[in-house]
Amino acid sequence: MRILLVGSGGREHALAWKLTGSPRLEQLWVAPGNAGTARLDDRVKNVAIAADDVDGLVAFASTNAIGLAVIGPEAPLARGLGDALRSTGIAVFGPNRAAAEIESSKAFSKDFMARHGIPTARYGVFRDHTEALRHLLSIDYPVVIKASGLAAGKGVIVPACADEAEAALRQIMLDREFGEAGDEAVIEERLTGPEVSVLAFSDGHTVRVMPPAQDHKRVGDGDTGLNTGGMGAYAPAPIATPELIADVTRSVLQTTIDGLRAEDRPFVGVLYAGLMLTPDGPRVLEFNARFGDPETQVILPLLESDLVEVLLACAEGRLGDIDVNWSQGAAACVVMASEGYPGPYPKDLPIAGLDQATTDAFVFHAGTRELAEQVVTAGGRVLAVSGWGVDIRSALDRAYAAVGSITFAGMHFRRDIGWRALVRGAGSAGARGPGASTSAPMSS
Ligand code: AMP
Ligand code: GLY
């Protein structure tokens with residue numbers, strides 16, 4: 001099988017790494033990839049085509065007899081890369097533009113959930129700022145304000161008071177801080193409870209759920225500081241009990257896949273449900289139409305099945321015919337970030353100590369490139385270091401052991417990844433509101 005993988009982050013390095021575990025893989029091209037994907041094995045090559053260059057990717061796939069295209073990030077999905085590749089007859093893992101709207105339009109996603117009875121927070125969608133403001137002043141519950149479109153994880157504002165909520169509406173709808181992502185704004189009821197991500201493979205009919213994951217969005221230990229793309233993750237998250245997963249698989253994941261198909265938007269790829277476990281039960285905060293980053297770096301080490309088989313079965317509409325098997329262990333991932341991230345950061349700094357791969361840890365590259373034979377930093381999130389073992393504790397030990405031998409100037413990382421899984425009592429839904437996170441241990 002000749003495969004084209006689109007993207008350049010830690011998620012794509014993890015996908016490429018797992019694909020190389022398949023005897024079915026003949027050749028893998030990663031567009032554009034990073035220094036990590038460039039160094040995997042002889043079958044893997046980077047190709048310098050940007051992830052959102054739809055025409056360039058379609059031309060490359062056609063001339064190189066690609067048998068399967070795998071699309072990592074949301075931006076090319078929202079641009080219709082899936083549609084363009086499928087129209088040339090190539091098998092694609094990743095939804096078409098219309099199905100990807102479940103992520104790229106929060107307005108569509110909320111209305112879709114309302115139509116199909118999928119549990120989510122109360123909301124309103126607005127195109128007009130005056131109307132949005134009128135609605136805000138008419139309601140008596142705390143809110144979250146969201147730009148409807150794609151905003152690289154930054155378009156969600158959780159205001160602390162009414163003035164901040166008004167300011168958020170202004171930022172999104174008038175100042176256009178997130179550009180056209182703010183054409184529509186969603187005003188949503190603010191819920192409380194722990195969060196968990198449940199991802200599933202789908203071929204448009206069947207869903208095969210993955211181990212539940214938790215990521216760490218804030219930059220600092222104890223869940224403090226600014227929001228990031230994710231500073232670490234672990235799986236399986238013990239808070240998501242088998243009963244909860246069974247409920248979410250039925251009432252959220254399968255209902256969504258069936259609803260999208262019924263609305264003529266068949267979904268092939270990874271459906272990612274970001275959930276909040278409220279005292280009233282799980283509620284969907286958002287859907288993503290792709291693997292998460294860094295969730296992928298903890299989920300794929302636990303996959304025992306052949307990833308080529310699974311992705312191809314999705315793309316060919318026969319996921320129901322195969323089993324997807326997972327190991328009983330756990331995995332954890334620590335993101336090493338550039339100085340200043342999530343704000344502005346320097347680039348091209350040399351990284352030392354990278355050859356730390358063992359049989360139970362792996363250094364996934366997130367933002368790196370090769371410069372004169374040296375691996376240098378090229379992004380805010382530079383590395384995603386994963387470890388795995390029989391439980392979260394041993395997975396964390398292995399990840400942090402590998403982190404300990406890597407250095408680059410100004411690097412920072414969280415020292416408390418997985419703390420929720422290690423704290424006793426973290427398994428009770430609703431018992432820990434956001435305030436509880438200040439009690440996170442600050443281990444060294
Ligand atoms: P989203 O991109 O929609 O998942 O939102 C990003 C983050 O904002 C989530 O992970 C939550 O921490 C927070 N958030 C989003 N929606 C809500 C909500 N309705 N209530 C409370 N927090 C929320
Ligand atoms: N880690 C969250 C995401 O990939 O959207």
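Numbers here simply count residues along the sequence, with the first being 1. Start at 1 and go down the list; that is how both ligands and their atoms are numbered.
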Give the ring-plane orientation class for Phe126 versus His135, where under 30° counts as parallel, over 60° as perpendicular and anything between as tilted.
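Tilted, since the angle between the ring planes falls between 30° and 60°.
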For the residue pair Trp388 and Trp17, categorise the inter-ring angle as parallel (less than 30°), tilted (30 to 60°) or perpendicular (more than 60°).
tilted
Are the side chain of Ser386 and the backbone N or O of Ala331 linked by a donor-acceptor pair below 3.5 Å?
no
Before giving the answer on salt bridge (charged side-chain N to carboxylate O under 4.0 Å, His left out), spell out for Lys106 and Glu184 the whole-Å C-alpha distance, their side-chain angles and the decisive distance to 0.1 Å.
CA-CA 9 Å; Lys106 288 185 189 293; Glu184 288 178 297; over 6 Å; no
Not counting sequence neighbours, list each pair that qualifies as a ring-ring contact (aromatic ring centres under 6.0 Å, His included) and has a residue in residues 218-248.
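ring-ring contact (aromatic ring centres under 6.0 Å, His included) check on residues 218-248 returns His216-Tyr234.
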Applying salt bridge (charged side-chain N to carboxylate O under 4.0 Å, His left out), run through Arg393 and Asp391 and close with a yes or a no.
CA-CA 5 Å; Arg393 166 57 73 197; Asp391 56 17; over 6 Å; no
Run the salt-bridge test on Asp83 and Arg86 with the 4.0 Å N-O cut-off and return the result as yes or no.
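No, this pair does not count.
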Residues that Ala233 engages under side chain to side chain contact (heavy atoms under 4.5 Å, CB included), provided they are two or more places apart:
Asp215, Pro294, Val298
Evaluation steps, salt bridge (charged side-chain N to carboxylate O under 4.0 Å, His left out), between Asp223 and Arg420
CA-CA 11 Å; Asp223 292 334; Arg420 282 191 188 81; 2.6 Å; yes
Got the residues with a heavy atom under 4.0 Å of ligand 2, by chain and number?
Asp215, Gly229, Tyr272, Asn288, Arg290, Gly292, Asp293, Pro294, Glu295
For ligand 1, list the protein residues that place a heavy atom within a distance below 4.0 Å of one of its atoms, sorted by chain and number.
Lys106, Val144, Lys146, Val156, Glu188, Glu189, Arg190, Leu191, Glu195, Lys217, Met276, Leu285, Glu286
